[in-house]
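Comments concern the structure below.
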Amino acid sequence: MTDKHYQFLNLGEVTAPYREQLYEAARRVIDSGRYIGGEEVDALESELAAICCVRHAIGVSNGLDALRLTLKALIIMGRLETGDEIIVPGNTFVATFLAVSDAGLTPVAVDPDLTTQNIDSSAVERHLTGRTRGVIPVHLFGRVAWDGAMKDVIRRNNLIVVEDAAQSIGAISASVGLNSTRQAGSLGHAGALSFYPTKNIGALGDAGAVTTNDTELAETIRALANYGSDRRNHYLYKGYNARLDPVQAAMLRVRLPYIKQENADRFARAVAYSNTIRHPDVELPLMSRHVTDCVWHQYVIRTSRRDELRDYLLHRGVETDVHYPVPPHRQPCFKDLPHGPLPITERLAEEMISLPISACTSVKDASDIGRIINEF
Ligand SMILES: *Cc1c(COP(=O)(O)O)cnc(C)c1O
């Protein structure tokens with residue numbers, strides 16, 4: 001008997017159920033004659049603002065630009081200054097660090113909590129200096145990095161909060177944010193979303209958005225993303241071309257109505273894994289009491305026998321991935337970035353394995369993969 005093959009992710013398969021609607025949406029854009037901005041982008045922005053419970057959503061080119069433009073806008077507005085320290089989790093995708101350094105700010109990497117794998121308030125508090133002006137909570141793997149203690153530390157120290165919500169659209173925190181709402185993207189002063197094709201809601205290319213209740217910030221970001229122009233033939237800032245394309249907006253509008261269902265399906269696979277996997281060498285991710293506070297962008301187990309288990313799984317037909325094997329502070333581009341010891345970040349990078357959790361994986365697949373792990 002040959003084992004079934006379990007792909008980690010197959011984007012064609014993820015997209016297939018939406019194929020006809022996507023063709024229709026593409027046709028709408030093609031026939032509109034409007035290929036920059038316009039109705040599709042406006043409509044997507046309203047829909048995103050509603051989902052994230054904020055006043056403004058600004059469509060931009062990708063998630064990295066969403067973070068970058070937000071930080072640069074905050075500098076233009078005088079809310080941040082070049083050289084300010086921004087606290088970031090050590091265990092994140094490199095884009096979090098890149099956005100901070102590109103804006104002329106200093107990323108201060110801190111270790112996450114081993115259980116949630118997110119930064120917590122005590123880590124933020126321990127790293128405060130006279131130059132700390134902001135924090136970027138990354139809702140890693142879809143789990144909201146927020147609680148009442150975090151809110152208190154932020155309030156007491158007057159910190160700017162830009163959420164890296166690239167992996168967490170649709171997640172809802174158990175604790176209210178600065179604006180009394182709970183949606184990822186509405187908890188701090190601004191949130192950055194990514195619609196990179198592998199994210200829970202993916203475009204057919206690069207796309208991103210910023211969410212905020214701050215009208216001045218929204219307008220500054222909108223101008224910055226459009227050559228720095230606040231009105232036709234008038235360039236207020238030395239800006240960028242970092243807009244969201246209407247064709248991607250139209251693709252995303254097809255996917256957005258299914259976000260709750262898609263996130264619920266991911267949760268069901270996570271439950272199947274957690275109910276099945278029982279192995280002395282395997283640590284499972286936290287299953288929170290509040291089912292909404294994690295949208296399971298990844299289902300990440302930990303083991304000190306990482307490479308051995310990955311090889312075994314591949315041999316049994318199960319593809320896995322690692323997010324992320326080398327943390328940003330260990331990357332060549334950040335070799336000159338000063339940082340303290342980050343033992344948890346480094347341990348996670350050596351122990352984590354992401355199991356398949358996309359629409360290509362059925363709940364039964366997840367249980368089967370769980371049983372295969374138990375036979376390791
Ligand atoms: C994907 C991602 C980004 C960057 O988004 P892009 O759209 O790929 O530029 C930033 N932060 C995190 C945590 C991400 O997962």
Side-chain angles (χ1 to χ4, degrees), residues 8-9 11 14 44 48 57-72 86-103 105 107 109-110 112 116-119 134-146 161-171 184-185 187-188 190-211 221 225 240-245 248-249 251-252 255 263 266 294-300 321-329 331 333-334 345 348-349 352 354 357-358:
F8 185 75
L9 176 63
L11 287 173
V14 170
L44 177 75
L48 286 175
I58 306 102
V60 297
S61 34
N62 55 62
L64 171 57
D65 282 347
L67 287 167
R68 272 178 355 128
L69 294 166
T70 302
L71 295 170
K72 293 201 181 206
I86 308 294
I87 295 177
V88 296
N91 62 325
T92 182
F93 180 56
V94 70
T96 317
F97 278 57
L98 291 173
V100 175
S101 60
D102 184 67
L105 303 162
V110 310
T116 63
Q117 295 163 8
N118 276 332
I119 49 168
V135 55
I136 303 188
V138 179
H139 308 311
L140 198 71
F141 307 143
R143 186 185 309 279
V144 168
W146 189 264
V161 183
V162 177
E163 300 168 69
D164 184 336
Q167 303 186 356
S168 62
I169 186 167
L187 300 168
L193 303 175
S194 166
F195 303 107
Y196 183 81
T198 64
K199 301 289 158 85
N200 289 25
I201 297 293
L204 302 188
D206 279 311
V210 179
T211 52
I221 291 167
Y240 308 87
N241 178 347
R243 298 170 299 232
L244 173 69
D245 291 332
Q248 294 304 345
M251 300 299 107
L252 288 167
R255 297 288 305 277
N263 286 343
R266 282 174 182 268
C294 184
V295 292
W296 297 98
H297 175 58
Q298 301 295 350
Y299 184 92
V300 178
D321 205 343
V322 174
H323 301 93
Y324 302 92
V326 181
H329 72 278
Q331 296 291 348
C333 65
F334 285 114
T345 298
L348 288 171
M352 292 189 295
S354 303
I357 194 163
S358 77

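Treat the numbers as computed from the prediction; the structure is a model and nothing was measured. Just so you know, ligand 1 is whichever comes first in the structure, and atom 1 is the first atom listed for that ligand. We're numbering straight along the sequence, starting at 1.
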Review point. In the protein, what heavy atom is nearest to atom 1 (C) of ligand 1, and what distance, to one decimal place, separates them?
Key: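 Nearest protein contact, heavy atoms only, for atom 1 (C) of ligand 1 is K199 NZ, 1.5 Å.
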
Exercise for review: Can you pull out the closest protein heavy atom to atom 8 (O) of ligand 1? Residue, atom name and distance to 0.1 Å, please.
Suggested key: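 Sorting protein heavy atoms by distance from atom 8 (O) of ligand 1 puts Y196 CD1, 3.7 Å first.
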
Review point. Is the closest heavy-atom distance from H297 to ligand 1 below 4.0 Å?
Key: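 In this structure, H297 fails to qualify as a contact of ligand 1 - no heavy atom is under 4.0 Å.
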
Point to revise | Cationic tip of R68 above Y240 ring, under 6.0 Å, 45° of axis | key: yes

When you compare ligand 1 with [X], is there at least one nitrogen or oxygen pair between them that comes in under 3.5 angstrom?
| X | value |
| --- | --- |
| G63 | yes |
| S194 | yes |
| D206 | no |

Point to revise | Ring geometry between F93 and Y324 (parallel below 30°, tilted from 30 to 60°, perpendicular above 60°) | key: tilted

**Study point:** Atom indices of ligand 1, in the order listed, that fall short of 4.0 Å to a heavy atom of A95
**Key:** 3 (C), 4 (C), 10 (C)

Check your understanding: Can you tell me if Q167 and H139 form a side-chain donor-acceptor pair at under 3.5 Å?
Key ->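 The answer is no; no qualifying pair exists.
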
Review point. Do D164 and T96 meet the criterion of a side-chain donor-acceptor pair at a distance under 3.5 Å?
Key: yes

Point to revise | Proximity winner for atom 4 (C) of ligand 1, if only heavy atoms of V138, L64, L67, V94 are counted | key: L64

